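This report refers to the structure that appears directly beneath it.
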Amino acid sequence: MAASKATEAMIGTLIEKVFSALLTQAQYTLDFKDQLEAMKTKLELMTAFISCTDKQKTRGEFMQKILPNLRKIIYEADDIMTDCQIRDEYRKDGFCHRFSLRDFFFIYQTGKDLKHINSRIEKMESSLGVYGRAEQPIIQQGPNNSSYQIFKYSPEDHEPSEIIGLEKDLEKIKGWILSSNEKLQQIGIVGMGGLGKTTIAQKIFNDREMVAYFEKRIWVPVSQNFSEERVMRAMLKQLGEDESGIEESHLLHKIQQRLSDKTCLIVMDDVWRMNLDWWKNLYPTEKRCFVIITSRNETVVNSMGVDESRIHRPKILNEEESWSLLCKHAFLTSKGKCPNKEFEKKGREILKKCGGLPLAIKTIGGLLAPKVHSLSEWNKINDDFHVYLTTERENNSVVASLRLSYDELPTHLKQCLLCFSVYPDDFEISGEQMVHWWVGEGLIRGRDNWTATELGFDYLSELVSRCLVEVVHRRGYDGRVYSCKMHDLVRDMTIQIAKDEAFCSFDEQGRQKLTQDSRWFGFTSDMDPKSLKKSSRLRALILQSSTPVSLWNISSLKRLACLNLSGVAGNIELPSSIQKLRNLQILVLRRCTKLHPSITSLKKLIILDLGSCPLQYLPHGLEKLIYLQELSGFRVASQSNTQGCRLNALLGLKQLRVLRMSINNESEISEDEWNVLSQLKKLKILAIDAEDCKEKHVSQMLDRLLPPPSLQELYLRRYRHEILPKWINLKHLSSLQYLCLEDGDISNFEISSESDQDSNGTTWVLEGLCLKFMPNLILDWNVLLKDMPILRYAEVSRCFNLKNFPYPSDKPAVWKKNQD
């Protein structure tokens with residue numbers, strides 16, 4: 001029931017919008033308060049009902065019939081909320097006049113639409129209420145009337161005969177077991193569904209050497225429906241104990257008693273979550289006990305106490321391993337041997353679509369096996385691969401396996417994952433681009449001291465830890481995901497769900513197509529820009545084009561929240577009609593040669609990224625973007641430039657967290673602007689590009705700046721002067737956690753706290769340091785470590801005068817604390 005779970009997530013997002021509006025008493029909530037409160041109540045009841053029906057198959061089938069109508073209502077309600085928010089925001093500056101004829105018509109029509117939506121929800125509730133009185137399922141009761149189920153499964157029942165591509169995995173884990181002297185050793189096997197985690201654990205469990213080594217072996221399939229009682233009864237049963245008459249409170253003691261004098265191997269297979277207090281008390285430590293935990297969620301394995309060095313991550317099979325496994329399943333009658341080259345050629349073509357996933361290869365091999373005498377049938381399966389492997393026909397094990405991971409996601413991650421569906425197969429996706437989209441879509445909202453972007457990167461890391469997204473590049477300092485991609489079969493699953501949820505539409509080859517109801521769209525070169533005219537519901541537009549794209553039709557996208565043009569080749573010139581995108585919150589441009597002044601009227605902008613644009617200046621009026629949290633590509637203009645934006649314009653950006661700015665020979669900073677940055681109280685990240693300027697007045701300008709009080713990350717690039725700006729010291733940067741100096745002529749870096757008389761004996765709190773292409777820098781590594789006692793990560797490259805650094809200075813090197 002992945003579809004209903006996604007719908008539940010959508011309802012939750014809409015409820016949050018309505019609740020936030022009522023709480024803040026926005027003007028439009030006063031106009032429609034009764035209808036909005038009624039909508040909130042009805043949606044909350046609907047969410048509760050969906051949550052219950054998801055667990056019961058017959059009701060789930062009923063829900064599938066009404067979901068399309070429910071989704072349509074949700075989308076219409078969300079459109080109304082968005083229109084109201086836009087009207088409310090822009091009315092503050094006189095863009096929308098209250099008491100005008102247009103405003104009266106808006107209130108009348110919106111009130112009518114809200115009543116109609118509530119009426120439709122009410123009718124749906126009535127039919128659901130009748131169905132909701134269906135008979136409840138019968139649950140088998142155990143001792144003390146508690147429900148439980150005893151697993152009859154054991155690894156011997158389905159012991160895999162093939163270990164193709166897993167030989168090294170088995171040797172590695174056996175080596176960990178046999179070389180350990182610890183009484184309790186825990187090993188984790190982590191990976192996406194269908195990767196072979198259980199197969200590896202089964203082979204270890206049934207290995208002759210392991211059978212002889214351990215006195216007791218216990219296999220516990222944990223699964224999603226985890227309960228301590230069920231697991232303990234399953235363990236006792238395998239220990240030969242009749243558990244039926246034992247009270248639940250005595251189960252743990254009984255297990256410990258039976259294992260106290262035995263060496264044992266315990267496999268906890270398919271763990272999704274765990275009660276950590278119970279887990280810590282489960283195993284006795286008098287004799288050696290080894291626990292193997294298989295899971296799709298690395299965070300769960302970490303929380304259960306498995307050391308990072310004892311987590312094994314199986315790899316996908318290479319081409320030859322994949323072919324061997326396919327032959328074993330497809331050519332049963334010829335004992336795994338392919339009869340001719342034509343079948344091999346077609347088989348290898350099919351394998352490319354499996355992406356090295358063992359479960360997919362076995363499944364497709366089973367489909368091909370009855371057709372080994374018909375090449376035309378193999379061609380058919382190849383042509384309809386996605387139909388055979390990614391739809392729920394014939395209880396498809398691949399789909400079932402992958403959808404388990406989706407169903408297990410928390411509500412806030414479901415829609416985030418579906419956003420990956422718009423990207424092509426095997427596409428390397430920018431982590432920042434994805435997070436910005438989530439923020440603009442409203443899938444993430446900041447809380448406490450966390451910005452929405454910071455939470456977004458945390459969400460992305462969680463999807464990685466759940467093995468649904470693969471990391472391509474990480475930032476070494478803190479592990480932030482720079483770029484990522486998705487396995488083709490996981491992407492196929494997201495496409496199917498996104499299609500079901502009407503977020504976007506796809507053709508039979510999995511390529512996106514634009515419709516009037518599309519909410520997300522990844523635009524490519526072969527699509528007609530005119531089709532945008534009829535897509536007023538579009539919330540996100542990600543352009544990937546090898547040719548220039550015309551944006552003259554973009555003004556029709558009145559609800560667009562995220563516009564990313566970073567994937568467009570050629571120069572871009574934004575039309576003045578950009579001002580009509582009043583809901584725009586994320587704008588990312590590349591190679592934009594001219595920025596129309598009307599961009600400053602986009603009041604809802606949260607992120608403005610112009611970092612890759614060859615602009616000479618930014619237009620006046622930037623201070624009107626009062627919600628802006630990230631600004632990249634800000635250029636400090638000269639006083640003589642009457643059209644350019646000056647540094648003091650930043651004073652109006654009180655919410656700014658990230659600022660990436662550049663300064664050149666023509667830039668000017670007046671005396672009344674020296675303290676501008678220090679007044680940005682929320683600024684955490686500051687990047688300054690000095691653009692190789694050697695003029696003395698450039699260093700003097702930077703010297704006079706006062707940094708933000710809460711700065712955590714500082715980047716200084718292309719700075720062609722010997723001494724750092726005066727404010728880069730412990731006194732002014734007492735909260736700095738990461739410092740990057742790159743491609744500069746700096747020779748003197750005063751890092752010692754003793755040089756700062758007002759530092760009161762405090763030390764740097766830097767945890768990360770990056771020194772790249774700094775050939776003139778004179779520095780002793782041992783002195784640096786003394787003055788930066790909690791430094792744990794450093795990247796160094798081509799710093800030839802850095803003394804006592806443990807690695808060669810002429811090559812890129814990474815230093816980690818306790819690993820040098």
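For reference, positions follow the sequence shown, starting with 1. Since this is a predicted model, take the numbers as computed values, not measurements.
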Legend entry - Side-chain donor-acceptor contact under 3.5 Å, Glu215 with Tyr213: no
Inset, instruction - Can you sort out the partners of Lys345 under side-chain contact (heavy atoms from CB on, under 4.5 Å), two or more places apart, ordered by chain and number? - result: none
Legend entry - Test: Lys203 and Glu167 ion pair at under 4.0 Å: no
Legend entry - Heavy-atom pair with the smallest gap, counting every atom of Cys289 and Cys264: SG-SG, 3.2 Å
Legend entry - Those residues that, when tested against Tyr477, pass ring pair (Phe, Tyr, Trp, His ring centres under 6.0 Å) (two or more places apart): Tyr738
Legend entry - Gap between atom CG of Leu317 and atom CG of Leu195 - 0.5 Å precision: 8.0 Å
Inset, instruction - Report the residue from Val271, Thr294, Val306 that forms a side chain to side chain contact (heavy atoms under 4.5 Å, CB included) with Val301. - result: Val306
Inset, instruction - Please name all residues satisfying salt bridge (Lys or Arg N to Asp or Glu O under 4.0 Å) with Glu462, sequence neighbours left out, ordered by chain then number. - result: Arg466
Inset, instruction - Could you tell me whether the side chain of Lys414 and the main chain of Leu409 form a donor-acceptor pair under 3.5 Å? - result: yes
Inset, instruction - State, with a plain yes or no, whether a side-chain heavy atom of Met304 is found less than 4.5 Å away from one of Asn302. - result: no
Legend entry - Gap between atom NZ of Lys216 and atom CD1 of Ile266 - 0.5 Å precision: 11.5 Å
Inset, instruction - Look at Arg313 together with Glu308 and state whether they make a salt bridge at an N to O cut-off of under 4.0 Å. - result: yes
Inset, instruction - Keeping the roles fixed (side chain from Ser260, backbone from Gln257), state whether a donor-acceptor pair exists under 3.5 Å. - result: yes
Inset, instruction - Identify whether the distance between the nearest side-chain nitrogen and carboxylate oxygen of Glu319 and Lys352 falls below 4.0 Å. - result: no
Legend entry - Sidechain-backbone polar pair: Lys197 side chain, Met192 backbone, donor-acceptor under 3.5 Å: yes
Legend entry - Partner set under side-chain hydrogen bond (donor to acceptor under 3.5 Å, both in side chains) for Lys485, not counting sequence neighbours: Asp426
Inset, instruction - Look at Lys346 together with Glu342 and state whether they make a salt bridge at an N to O cut-off of under 4.0 Å. - result: no
Inset, instruction - Under the salt bridge (Lys or Arg N to Asp or Glu O under 4.0 Å) rule, collect the residues that match up with Asp458, sequence neighbours excluded. - result: none
Inset, instruction - Would you list the pairs meeting ring-ring contact (aromatic ring centres under 6.0 Å, His included) in which at least one residue belongs to residues 330-365, sequence neighbours left out? - result: Phe331-Trp378, Phe343-Trp378
Legend entry - Distance-only side-chain donor-acceptor flag, Ser295 / Asn297, under 3.5 Å: no
Legend entry - Value rounded to 0.5 Å, distance of CD in Gln415 from CG in Leu443: 5.0 Å
Inset, instruction - With sequence neighbours left out, write down each residue that passes salt bridge (Lys or Arg N to Asp or Glu O under 4.0 Å) with Arg474, or none if nothing qualifies. - result: none
Inset, instruction - Would you please name every residue forming a side-chain contact (heavy atoms from CB on, under 4.5 Å) with Ser430, sequence neighbours left out? - result: Glu432, Gln433
Inset, instruction - Look only at the side chain of Arg403 and the backbone of Met493, and say whether a donor-acceptor pair between them is shorter than 3.5 Å. - result: no
Inset, instruction - Measure from the side-chain N and O atoms of Gln238 to the backbone N and O of Met235, and report whether any donor-acceptor pair falls under 3.5 Å. - result: no
Inset, instruction - Starting at OG of Ser483, measure out to CD1 of Ile429 and round the result to the nearest 0.5 Å. - result: 9.5 Å
Legend entry - Partners meeting salt bridge (Lys or Arg N to Asp or Glu O under 4.0 Å) with Lys353 (sequence neighbours left out): none
Inset, instruction - Quick one: pull up OG1 in Thr494 and NZ in Lys499 and give me the separation to the nearest 0.5 Å. - result: 11.0 Å
Inset, instruction - Check the pair Glu241, Lys237 against salt bridge (charged side-chain N to carboxylate O under 4.0 Å, His left out), reporting the backbone distance first and the verdict last. - result: CA-CA 5 Å; Glu241 186 81 28; Lys237 187 161 185 148; over 6 Å; no
Inset, instruction - Check whether any side-chain heavy atom of Leu413 sits under 4.5 Å from a side-chain heavy atom of Leu463, and report yes or no. - result: yes
Inset, instruction - Check whether any side-chain heavy atom of Arg296 lies under 4.5 Å from a side-chain heavy atom of Leu404, and answer yes or no. - result: yes
Inset, instruction - With sequence neighbours excluded, tell me which residues meet ring pair (Phe, Tyr, Trp, His ring centres under 6.0 Å) with Phe427. - result: Tyr423
Legend entry - Contacts of Phe214 that satisfy ring pair (Phe, Tyr, Trp, His ring centres under 6.0 Å) - sequence neighbours left out: Phe290
Legend entry - is_close_aromatic(Phe205, Trp219), centroid dist under 6.0 Å: yes
Legend entry - ring pair (Phe, Tyr, Trp, His ring centres under 6.0 Å) involving Trp176 - partner list, sequence neighbours excluded: none
